[in-house]
Asker: 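What follows is a single structure, and I will ask about it in a moment.
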Amino acid sequence: WEEAYGEYDQAVSDLESVLERGREVLDPETIRVIRSRVEERSVDPTRLLLAVDEGIVADALGDVLEFAQEVRDIGVGFCVDNYWLSHQGLRLVETLGARRVKLPSSAMRHGGDDVAESVLLRSTIRSARDMGVEVAVPFVTDADAFERARELGADYVQGHFVGEAIEID
């Protein structure tokens, strides 16, 4: 979960403890837990994103469709974590109706020195933006990485340089 603002800390923490590894998307009990936590804490569900790992969920995409619709019916959105440009990743974003993708922590580690990595990073961000999805870039450790994320079109950055995920503009 990615919290919208501080008052949701406890609800977010409760839900994170229920959804630790992402495999819980296949457990029917998970929907009941999400719904009850949102109601118990009086959380505006449209301000929350359920982060699901691309690799875990993509492997069981067919089984995730009903779960995804039930989560969206509650009002909670999706963030696809560890997202790289691939046919599988694009399908997952589309199927979940994801509102945000978060790149892998390795995305900013090369600092633009590796041409192939730079092309992949730029294409990944562009593809997500073309689908109307926000992009979060982790592992932003200095001003250069922050500026690079901005130049590439990221909406959010996360890392030691900025602390928690923040909006760029």
Side-chain angles (χ1 to χ4, degrees), residues 1-6 8-9 11-13 15-25 30 34 43 45-61 64 67-68 71-72 74-112 114 117-169:
W1 287 89
E2 295 191 16
E3 61 186 290
Y5 34 83
Y8 291 175
D9 282 350
V12 169
S13 176
L15 287 164
E16 283 177 339
S17 68
V18 171
L19 301 165
E20 290 175 352
R21 295 173 309 283
R23 295 188 190 281
E24 290 83 353
V25 298
T30 301
I34 291 172
V43 174
T46 64
R47 304 283 300 182
L48 297 173
L49 295 173
L50 175 60
V52 294
D53 187 277
E54 177 184 349
I56 292 171
V57 177
D59 289 343
L61 189 55
V64 173
F67 173 84
V71 170
R72 286 192 305 266
I74 295 169
V76 173
F78 283 96
C79 173
V80 176
D81 212 11
N82 292 313
Y83 175 80
W84 271 123
L85 180 60
S86 67
H87 184 262
Q88 174 178 287
L90 291 169
R91 285 284 173 228
L92 180 60
V93 167
E94 180 181 55
T95 300
L96 292 177
R99 296 194 313 230
R100 184 179 302 163
V101 296
K102 182 176 169 187
L103 304 182
S105 60
S106 63
M108 296 299 283
R109 288 192 181 158
H110 299 291
D114 184 315
E117 287 288 326
S118 292
V119 169
L120 180 59
L121 179 59
R122 189 172 31 262
S123 299
T124 298
I125 292 172
R126 188 176 310 131
S127 72
R129 303 288 297 156
D130 287 350
M131 293 180 72
V133 176
E134 298 173 330
V135 177
V137 176
F139 210 77
V140 173
T141 57
D142 56 33
D144 289 340
F146 181 85
E147 285 306 315
R148 184 160 178 249
R150 180 194 308 267
E151 290 168 5
L152 290 168
D155 298 289
Y156 297 88
V157 295
Q158 184 178 16
H160 299 297
F161 181 69
V162 295
E164 294 295 317
I166 63 168
E167 198 164 347
I168 286 182
D169 291 323

Asker: Quick one: OH on Tyr156 to NZ on Lys102, what's the gap to the nearest 0.5 Å?
Answerer: 13.5 Å
Asker: Could you walk me through whether Glu151 and Arg148 pass the salt bridge (charged side-chain N to carboxylate O under 4.0 Å, His left out) check?
Answerer: CA-CA 5 Å; Glu151 290 168 5; Arg148 184 160 178 249; over 6 Å; no
Asker: For the residue pair Leu121 and Ala107, what are the closest heavy atoms and their distance?
Answerer: CD2-O, 3.7 Å
Asker: Using every non-hydrogen atom in the two residues, find where Ala136 and Arg100 come nearest and quote the distance to one decimal.
Answerer: CB-CD, 4.0 Å
Asker: Regarding Glu94 and Arg91, does a basic nitrogen lie under 4.0 Å from an acidic carboxylate oxygen?
Answerer: yes
Asker: Would you confirm whether Ser123, through its side chain, and Leu120, through its main-chain N or O, come within 3.5 Å as a donor-acceptor pair?
Answerer: no
Asker: Which residues pass the side chain to side chain donor-acceptor pair (under 3.5 Å) test with Arg126, not counting sequence neighbours?
Answerer: none
Asker: How far does CD1 of Ile74 sit from CD1 of Ile34, to the nearest 0.5 angstrom?
Answerer: 5.5 Å
Asker: Could you check if a side-chain atom of Trp84 sits within less than 4.5 angstrom of a side-chain atom of Val101, using non-hydrogen atoms only?
Answerer: no
Asker: Measuring from atom CG of Leu92 to atom NE2 of His87, what distance do you get when rounded to the nearest 0.5 angstrom?
Answerer: 12.0 Å
Asker: Between atom OG1 of Thr141 and atom CE of Met108, what is the distance when rounded to the nearest 0.5 Å?
Answerer: 8.0 Å
Asker: Quick check for you: to the nearest 0.5 Å, what is the distance between Ile125 atom CD1 and Tyr83 atom OH?
Answerer: 10.5 Å
Asker: For Pro104 and Pro138, work out which heavy atoms get closest and say how close.
Answerer: O-CG, 3.6 Å
Asker: Quick check: closest heavy atoms across Gly97 and Arg72, and the distance to 0.1 Å?
Answerer: N-NH1, 3.9 Å
Asker: Tell me, with the steps shown, if Val52 and Phe67 meet side-chain contact (heavy atoms from CB on, under 4.5 Å).
Answerer: CA-CA 12 Å; Val52 294; Phe67 173 84; 5.5 Å; no
Asker: Heavy atoms only: give me the nearest Leu96-Ala68 pair and the separation to one decimal.
Answerer: CD2-CB, 3.6 Å
Asker: Could you measure the distance from the CG atom of Asn82 to the OG atom of Ser106? Nearest 0.5 Å is fine.
Answerer: 8.0 Å
Asker: For residues Asp155 and Arg129, determine if any side-chain heavy atom of one lies less than 4.5 Å from a side-chain heavy atom of the other.
Answerer: yes
Asker: Without hydrogens or angle criteria, can the side chains of Arg99 and Thr46 be said to hold a donor-acceptor pair below 3.5 Å?
Answerer: no
